[in-house]
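What follows is a short report on a single structure.
In this chain, residues are counted from 1 in sequence order. What you see below is based on every heavy atom in this structure, not just the backbone, and it leaves out hydrogens, waters and symmetry mates.
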Amino acid sequence: MVDPSLGVLVVLLAIVGSGVVAGVFFAFSAVVVPGLREGSPALGAAAMRAANRAAVRWPLMALLFGTGLLCLLAPFVVGAGNSSDGPVLGWVVAGSVLYLVGAIVVTVAGNVPLNRRLAALDVPGSREYWPRYAERWSARNDLRAAGSAAACLLLLVSLVV
């Protein structure tokens, strides 16, 4: 049997990680992309390409995928350290799955391909693609923000049930 405090620590770290990730995604949906959409398509596309390049560095990648790793581990660690028949493990599994799907899968399958296409276009092409990109990217980013925030809440509930 695993020490239950290890499960609590893993869940706490996943709560903080998913909450911070939700905040980053929310900031882009609420402020950054709407601000970029107000300017010219060429400038919006160029600024977004620069933001996308900056995002693929260790701080955000460690936060995004490190939280994913915690969410992969949390159900096993909590399950191994939890001797009760209570709902704790169910909340941990639900929150973990929601983060992995809502943040990781949507990022990899939705936002990254859009980012790659935007990065591959020349200026005239990106100017034309920008409005469609911004709409599609924002819709997927809204899913990421909601999924990460909901995961944070479900994981938090696991500590108080």
Report task. Using side-chain contact (heavy atoms from CB on, under 4.5 Å) as the criterion, list what pairs up with V32, not counting sequence neighbours. Result ->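 Once residues adjacent in sequence are excluded, the partners of V32 under the side-chain contact (heavy atoms from CB on, under 4.5 Å) criterion are F28, L36.
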Query raised in the report: In chain order, what residues pass the side-chain contact (heavy atoms from CB on, under 4.5 Å) check against A45, with sequence neighbours excluded?
Result: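 Here the qualifying residues are R49, L118, S126, W130.
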Requested in this report: Please lay out, stage by stage, how V105 and L100 fare under the test side-chain contact (heavy atoms from CB on, under 4.5 Å).
Outcome: CA-CA 6 Å; V105 171; L100 291 167; 5.7 Å; no
Query raised in the report: Nearest heavy-atom pair of S138 and A134: which atoms, and what distance?
Result: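 Heavy atoms of S138 and A134 come nearest at OG-O, 2.8 Å.
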Give the cluster check for [X] versus [Y]: same hydrophobic cluster or not, with ILVMFWY residues linked at side-chain heavy-atom distances below 4.5 Å.
X: L89; Y: V161; answer: yes
X: V112; Y: I104; answer: no
X: L154; Y: V92; answer: yes
X: V93; Y: V101; answer: yes
X: V123; Y: L43; answer: no

Show me the side-chain donor-acceptor pairs of residues 67-78 shorter than 3.5 Å, one per line, residues at least two apart or across chains.
residue, atom, partner, partner atom, Å
T67, OG1, L63, O, 2.7

Query - Donor-acceptor pair, side chain of R57 and main chain of A54, under 3.5 angstrom - result: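 Yes.
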Query raised in the report: In Å, rounded to the nearest 0.5 Å, how long is the span from OH of Y129 to CG of L121?
Result: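 Between Y129 OH and L121 CG, I get 7.5 Å after rounding to 0.5 Å.
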Query raised in the report: Can you check whether L156 reaches W91 side chain to side chain, under 4.5 Å on heavy atoms?
Result: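 L156 does not reach W91 side chain to side chain.
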Report task. Answer yes or no: is there a side-chain heavy-atom contact under 4.5 Å between V33 and M48? Result ->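 Counting from C-beta outward, V33 and M48 do come under 4.5 Å.
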Requested in this report: Please collect all side-chain hydrogen bond (donor to acceptor under 3.5 Å, both in side chains) contacts where either partner lies in residues 149-161, sequence neighbours excluded, each pair once.
Outcome: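 As it turns out, there is no side-chain hydrogen bond (donor to acceptor under 3.5 Å, both in side chains) pair with a partner in residues 149-161 once direct neighbours are skipped.
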Which donor-acceptor pairs under 3.5 Å do the side chains of residues 3-15 make with protein atoms, sequence neighbours left out?
residue, atom, partner, partner atom, Å
D3, OD1, S5, N, 3.1
D3, OD1, S5, OG, 3.1
D3, OD2, S5, OG, 3.0

Query raised in the report: Counting heavy atoms not belonging to R132, are there more than 12 under 6.0 Å from its CZ?
Result: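 Yes, CZ of R132 has more than 12 neighbouring heavy atoms, counting only those of other groups under 6.0 Å.
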Requested in this report: Count the heavy atoms belonging to other residues, nucleotides or ligands that lie under 6.0 Å from CZ of F26, then report whether that count exceeds 12.
Outcome: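 No, because the 6.0 Å sphere around CZ of F26 holds 12 heavy atoms or fewer from other groups.
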List the atom pairs, donor and acceptor, that lie under 3.5 Å between side-chain atoms in residues 139-153 and the rest of the protein, sequence neighbours left out.
residue, atom, partner, partner atom, Å
R140, NH1, R136, O, 3.1
N141, OD1, R144, NE, 3.1
N141, OD1, R144, NH2, 2.6
N141, ND2, F25, O, 2.7
N141, ND2, S29, OG, 2.7
D142, OD1, S29, OG, 2.6
R144, NE, N111, OD1, 3.4
R144, NH1, T107, OG1, 2.9
S148, OG, R144, O, 2.9

Query raised in the report: Run the side-chain contact (heavy atoms from CB on, under 4.5 Å) check on Y133 and N115 step by step: do they pass?
Result: CA-CA 8 Å; Y133 166 89; N115 293 346; 2.6 Å; yes
